[in-house]
Amino acid sequence: MSSRLRIGLLGGTFDPPHLGHLWLAELARVALNLEKVLFLPVGQPPHKEDCQVSAVSHRLQMVSLAIQENPHFFLDTTDCHRPPPHTTVSLLPLLRQKYPAAQFWLLVGSDSLRDLPTWASPRQLLQMCRLGVLARPGVAIDWDWLETPVPGCKTAVDMLDGPTLSLSATEIRAWAKRGHHLAYLLPTAVSSYIDQHRLYQPGQP
Ligand code: ATP
């Protein structure tokens with residue numbers, strides 16, 4: 001096996017971070033033998049420009065709390081402290097400067113893989129990293145359809161084998177706004193933070 005540092009990159013909005021993110025990161029860490037996983041909250045997500053996203057400061061705090069018990073997980077703020085557009089293809093060279101010799105795996109759910117052709121310069125992206133992908137329930141991958149716009153995509157993907165979680169931040173926000181408590185959907189420290197800062201309250205947009 002190569003002695004290069006093996007790093008997983010988990011970018012996302014993390015509004016809020018939940019067990020689906022942590023499970024994806026931990027499953028990938030073990031399966032791909034990663035030394036560390038960087039959690040990279042995005043400033044303004046390029047695919048959510050019309051949506052209201054919680055303040056970066058809240059999302060950073062929540063990610064810090066979510067990962068605090070895992071010594072292999074790290075918060076990296078590169079993608080929230082830079083000017084837009086926050087595309088992954090422009091993020092990778094910045095991370096390369098920090099970790100010149102590392103081998104990168106971008107960790108994503110199958111919904112992100114399905115949408116890869118809509119990302120900025122997906123072919124160029126796959127020259128800079130491999131993809132570690134965990135299936136999301138209800139999201140099927142059509143490899144032939146992906147290979148047309150992104151040739152070589154299939155060989156750049158390591159599918160992660162393990163239980164899948166039908167959990168999304170969208171569902172969690174909607175559940176909270178209906179007045180429900182979020183225990184067991186995300187780490188206790190994160191649900192306490194959400195309660196304390198009155199995030200995702202009923203009546204909020
Ligand atoms: P939203 O519902 O607001 O779009 P999300 O739950 O999908 O949010 P993001 O922060 O947008 O979370 O996702 C970051 C990455 O984590 C994406 O690649 C996404 O596919 C992946 N991910 C999120 N939840 C899961 C899950 N339950 N299983 C596998 N991958 C997941």
Side-chain angles (χ1 to χ4, degrees), residues 1-18 20-49 53-109 112-113 115-116 118-134 150 152-153 155-160 169 187 189-190 193:
M1 195 178 283
S2 156
S3 61
R4 292 173 71 192
L5 184 63
R6 299 163 72 91
I7 300 182
L9 309 173
L10 178 41
T13 314
F14 300 115
D15 192 19
H18 54 71
H21 297 124
L22 296 171
W23 175 235
L24 165 60
E26 182 61 6
L27 189 62
R29 184 186 73 77
V30 174
L32 301 172
N33 196 25
L34 305 174
E35 270 92 344
K36 51 171 78 178
V37 176
L38 307 182
F39 283 67
L40 294 138
V42 62
Q44 176 59 50
H47 57 294
K48 294 181 181 172
E49 266 151 12
V53 174
S54 299
V56 170
S57 55
H58 282 316
R59 293 185 287 116
L60 287 176
Q61 280 295 331
M62 288 192 286
V63 172
S64 298
L65 292 168
I67 66 177
Q68 65 187 355
E69 283 172 10
N70 190 317
H72 304 283
F73 291 177
F74 297 88
L75 173 65
D76 187 302
T77 59
T78 306
D79 205 21
C80 45
H81 298 324
R82 65 176 182 139
H86 294 263
T87 59
T88 308
V89 73
S90 61
L91 173 65
L92 263 285
L94 303 178
L95 297 174
R96 174 61 65 211
Q97 284 171 16
K98 286 191 181 178
Y99 301 97
Q103 217 176 339
F104 291 133
W105 275 262
L106 191 63
L107 309 180
V108 297
S112 298
L113 174 62
D115 297 341
L116 189 64
T118 68
W119 291 26
S121 310
R123 294 187 207 196
Q124 201 185 332
L125 178 64
L126 293 187
Q127 286 163 9
M128 295 188 273
C129 63
R130 292 185 60 77
L131 298 183
V133 180
L134 177 60
V150 195
C153 174
T155 55
V157 170
D158 295 307
M159 286 303 298
L160 302 169
V190 179
Y193 184 94

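Closest non-hydrogen pair, M62 versus V190, comes out as O-CG2, 3.6 Å. Contact record, H86 with V42: CB-CG2, 3.4 Å, taken as the closest heavy-atom pair. Smallest separation of non-hydrogen atoms from H21 and P16: CE1-O, 3.8 Å. Across E69 and P71, no two heavy atoms sit closer than the pair O-CD, 3.6 Å. Between C80 and V56, the shortest heavy-atom distance links the atoms CB-CG1, 3.9 Å. Here the shortest heavy-atom pairing between T87 and R82 reads O-NH2, 2.8 Å.
Below 30°, between 30° and 60°, or above 60°: for H58 and Y193 the angle between ring planes is above 60°, a perpendicular geometry. Note on ring orientation: taking the six-membered ring where Trp is involved, the planes of F39 and F73 are tilted (angle from 30° to 60°).
A distance-only check finds a donor-acceptor pair linking the side chain of R96 to the backbone of A102 [under 3.5 Å]. Here the side chain of E35 pairs a donor or acceptor atom with the backbone of R6 at under 3.5 angstrom. Using a distance-only test at 3.5 Å, with no hydrogens or angles considered, no donor-acceptor pair links the side chain of D79 to the main chain of L40. Not one N or O on the side chain of R59 forms a donor-acceptor pair closer than 3.5 Å with the backbone of P17.
Rounded to the nearest 0.5 Å, atoms CZ (R29) and CG (L107) are 12.0 Å apart. Note that CG of L5 is 9.5 Å distant from CG of L34, once rounded to the nearest 0.5 Å. A distance of 11.5 Å separates CG in L10 from CG in D76, rounded to the nearest 0.5 Å. Rounding to the nearest 0.5 angstrom, the gap separating the NE2 atom in H72 from the CG atom in L38 is 13.5 Å. The distance from the CZ atom of F74 to the CD1 atom of I7 is 9.5 Å, given to the nearest 0.5 Å. Of the inter-residue distances, the one linking L9 atom CG with T78 atom OG1 reads 10.0 Å to the nearest 0.5 angstrom.
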What side-chain donor-acceptor pairs closer than 3.5 Å can you find for residues 119-128, not counting sequence neighbours?
| from | atom 1 | to | atom 2 | distance (Å) |
| --- | --- | --- | --- | --- |
| R123 | NE | P149 | O | 3.4 |

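Within the 4.5 Å cutoff, side-chain heavy atoms of P41 are placed close to those of L75.
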task: Would you please test L116 and L113 for side chain to side chain contact (heavy atoms under 4.5 Å, CB included) and show each step?
output: CA-CA 5 Å; L116 189 64; L113 174 62; 4.3 Å; yes
